[in-house]
Number of protein chains: 2
Amino acid sequence: MTPRIGMDKQIIVAAAVEIADAEGLESVTLARVAEKLGVRSPSLYNHINGLQELRMQLTLLALNRLQAAMADAAQGHAGEEGLRRVSRAYVSFARMQPGLYEAVLRSPDPAEQQVGEAASAIVKLVQEQMSCFGLEGDASLHAVRGFRSMLHGFAELERAGGFGLPLDLNKTLELMIEAFGRGLPVYKEALNG
Amino acid sequence: MTPRIGMDKQIIVAAAVEIADAEGLESVTLARVAEKLGVRSPSLYNHINGLQELRMQLTLLALNRLQAAMADAAQGHAGEEGLRRVSRAYVSFARMQPGLYEAVLRSPDPAEQQVGEAASAIVKLVQEQMSCFGLEGDASLHAVRGFRSMLHGFAELERAGGFGLPLDLNKTLELMIEAFGRGLPVYKEALNG
DNA sequence: CCACAAAAACTAATAACATTAGTTTTAGAT
DNA sequence: ATCTAAAACTAATGTTATTAGTTTTTGTGG
């Protein structure tokens with residue numbers, strides 16, 4: 001009743017993460033994962049429902065780890081410093097797990113419930129940071145969207161080699177974060193009075 | 001000496017763009033393009049060097065059209081209004097050609113010269129807008145990076161369904177642009193004195 | 001008007017991949 | 001020791017990219 005052990009969904013996803021970070025998300029194929037686990041690719045179907053589910057699990061794991069990293073960085077910090085720490089944690093995560101980060105927006109079905117919940121947790125976390133700046137309700141949500149746009153765009157451009165020139169990327173990031181903070185009052189003025 | 005006409009690289013790329021915009025960049029396969037053109041897929045190799053080159057051409061076309069749209073929007077406008085117009089043009093392009101926009105950062109080789117040149121044209125265009133705010137040199141480059149990060153992140157999040165909540169996206173965009181403008185002095189203070 | 005050259009189409013074949021069906025192995029429970 | 005169900009396997013199908021080699025086509029030069 002309890003046959004062979006060792007293999008399960010987590011192990012498959014972990015192997016996929018390693019491949020993604022080492023060779024890029026495009027290199028994550030069932031064939032490649034199976035090879036890494038010393039197994040034939042149809043065997044994976046005993047634990048996971050095909051490539052689609054593997055990709056969904058990667059998106060989920062990416063969102064959860066990203067959220068955890070941001071939450072950890074935010075611990076006990078608020079205001080400008082909290083924003084800086086959360087931003088750096090976001091970019092650090094994308095740098096340290098580039099393949100996994102790629103999966104963040106590549107879910108086969110972005111409307112999937114679990115994906116939505118994981119994303120909501122991030123929104124909520126950032127919203128708490130925004131509350132220190134007097135932002136609530138729609139103003140807060142718009143600000144969170146701006147924040148995510150900025151950080152996701154930066155992470156993607158950096159990961160994909162979109163910044164051509166040899167100019168310090170950390171400097172770019174620090175300035176961008178400070179500029180974002182300077183712009184925050186706009187959201188308050190426009191919506192919270 | 002001048003055999004069959006009708007087919008050439010441009011036509012292949014145009015078909016690929018239609019498929020990308022209608023079904024997503026992932027659906028752009030040589031098989032699919034060939035089918036659309038009423039031809040067998042090996043025939044495409046007479047005009048284009050495989051899927052890799054097709055993808056590169058898509059990236060190139062995306063960057064060139066994006067640049068053209070931004071340049072057109074900028075015509076005769078500067079300062080806050082110039083920034084707004086360029087930003088809207090960027091997002092409009094991503095909305096109207098979602099599949100082509102996907103290709104912007106998905107070049108097989110981001111270091112390719114032509115890709116670099118096309119990206120540089122965009123950087124230059126945005127830099128000119130930044131000059132109205134008194135930004136030069138490195139300050140200008142950092143600001144351009146922040147601007148691209150913000151717009152690319154917004155475009156990607158919107159395209160991929162990353163913004164879950166039913167909150168007006170145009171409002172988010174307008175606020176984000178204004179907040180960016182508000183933050184611009186940061187770049188000047190930090191680097192141009 | 002015809003033949004030729006070369007471009008551009010074609011067919012055939014190979015290799016990688018995802019997935020399904022059906023079979024065999026295995027290890028814990030009885 | 002046997003049975004059972006999970007989990008591995010092999011075999012097969014269909015899709016894709018790509019290469020090799022063949023045939024078709026058509027403007028040009030004779």
Side-chain angles (χ1 to χ4, degrees), chain A residues 1-61 99-100 102-103 106-109 112, chain B residues 1-61 99-100 102-103 106-109 112:
Chain A
M1 249 195 188
T2 316
R4 256 173 272 191
I5 37 165
M7 171 86 58
D8 76 356
K9 196 179 284 190
Q10 277 206 342
I11 290 176
I12 292 172
V13 173
V17 170
E18 281 189 40
I19 295 166
D21 285 337
E23 307 167 28
L25 190 61
E26 285 224 344
S27 298
V28 175
T29 64
L30 291 183
R32 188 83 188 66
V33 170
E35 183 199 34
K36 190 175 188 86
L37 294 173
V39 133
R40 301 308 183 118
S41 59
S43 305
L44 300 176
Y45 285 79
N46 285 312
H47 307 283
I48 201 161
N49 201 351
L51 189 58
Q52 291 254 314
E53 192 194 342
L54 179 55
R55 290 188 173 152
M56 204 261 276
Q57 294 294 333
L58 285 177
T59 296
L60 226 45
L61 183 64
L100 187 56
E102 271 188 88
R106 295 237 207 311
S107 165
D109 177 13
E112 219 275 338
Chain B
M1 250 194 188
T2 315
R4 256 174 273 192
I5 37 163
M7 173 86 56
D8 75 356
K9 195 178 287 190
Q10 277 205 342
I11 289 176
I12 291 172
V13 173
V17 170
E18 281 189 41
I19 294 165
D21 286 335
E23 307 167 28
L25 191 61
E26 287 223 346
S27 299
V28 175
T29 64
L30 291 183
R32 186 82 190 67
V33 170
E35 184 199 34
K36 192 176 186 83
L37 294 174
V39 135
R40 303 305 183 122
S41 60
S43 304
L44 300 177
Y45 285 79
N46 284 311
H47 307 282
I48 201 160
N49 202 352
L51 188 59
Q52 290 255 316
E53 193 194 342
L54 179 55
R55 289 187 173 151
M56 204 262 275
Q57 294 294 333
L58 284 177
T59 296
L60 226 45
L61 184 62
L100 186 56
E102 272 188 88
R106 296 237 207 313
S107 165
D109 177 13
E112 219 274 339

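In this text, all values refer to a predicted model and were calculated from it rather than measured experimentally. Here is the naming used below: chain letters follow the sequence lines, and residue numbers restart at 1 for every chain.
Between B:Glu35 atom CD and D:dT16 atom C1' there is a gap of 13 Å when expressed in whole angstrom units. One atom, CG of A:Asn46, and another, C1' of C:dT24, lie 13 Å apart when rounded to the nearest Å. The interatomic distance linking B:Ile48 (CD1) with D:dT18 (C1') rounds to 14 Å, in whole Å. Whole-Å rounding puts the A:Ile11 CD1 to D:dA8 C1' distance at 15 Å. B:Tyr45 places its OH atom 3 Å from the P atom of D:dT18, with the value rounded to the nearest Å. When the P atom of C:dC17 is taken as reference, atom CZ of A:Arg55 falls 13 Å away, rounded to whole Å. As rounded to whole Å, 14 Å separates atom C1' of C:dT19 from atom CG of A:Leu54. In this structure, CG of A:Leu44 is placed 13 Å from P of D:dT10, rounded to the nearest angstrom.
No side-chain heavy atom of B:Asp109 sits less than 4.5 Å from a side-chain heavy atom of B:Met56.
Residue contacts for A:Ser43: at a heavy-atom cut-off of 4.0 Å it reaches a base atom on one of the strands shown.
The one candidate from A:Leu51, A:Leu54, A:Ile12, A:Asn49 that meets the side chain to side chain contact (heavy atoms under 4.5 Å, CB included) condition with A:Leu44 is A:Ile12.
Note on A:Arg32: every side-chain N or O is 4.0 Å or more away from OP1 and OP2 of C:dC17. When the side-chain nitrogen and oxygen atoms of A:Arg40 are compared with OP1 and OP2 of D:dT10, one or more of them lie within a distance under 4.0 Å. For C:dA9, the OP1/OP2 oxygens have a side-chain nitrogen or oxygen of B:His47 closer than 4.0 Å.
Of the candidate nucleotides C:dC17, C:dA12, D:dC9, C:dA12 has the atom lying nearest to any side-chain atom of B:Pro42. Which of C:dA9, C:dT19, D:dT18 sits closest to the side chain of B:Leu51 comes down to D:dT18. Comparing atom distances between the A:Val39 side chain and each of D:dA17, D:dC9, C:dA9 picks out D:dC9 as nearest. Between C:dA9, C:dA18, D:dA8, one nucleotide has an atom nearer to the side chain of A:Leu30 than all others, and that is C:dA18.
Within 6.0 Å of CD in B:Gln52 there are 12 or fewer heavy atoms belonging to other residues, nucleotides or ligands. A 6.0 Å sphere centred on CD of B:Glu23 holds more than 12 heavy atoms belonging to other residues, nucleotides or ligands.
B:Gln57 places no side-chain N or O within donor-acceptor distance of the main-chain N or O of B:Val13, the cut-off being under 3.5 Å.
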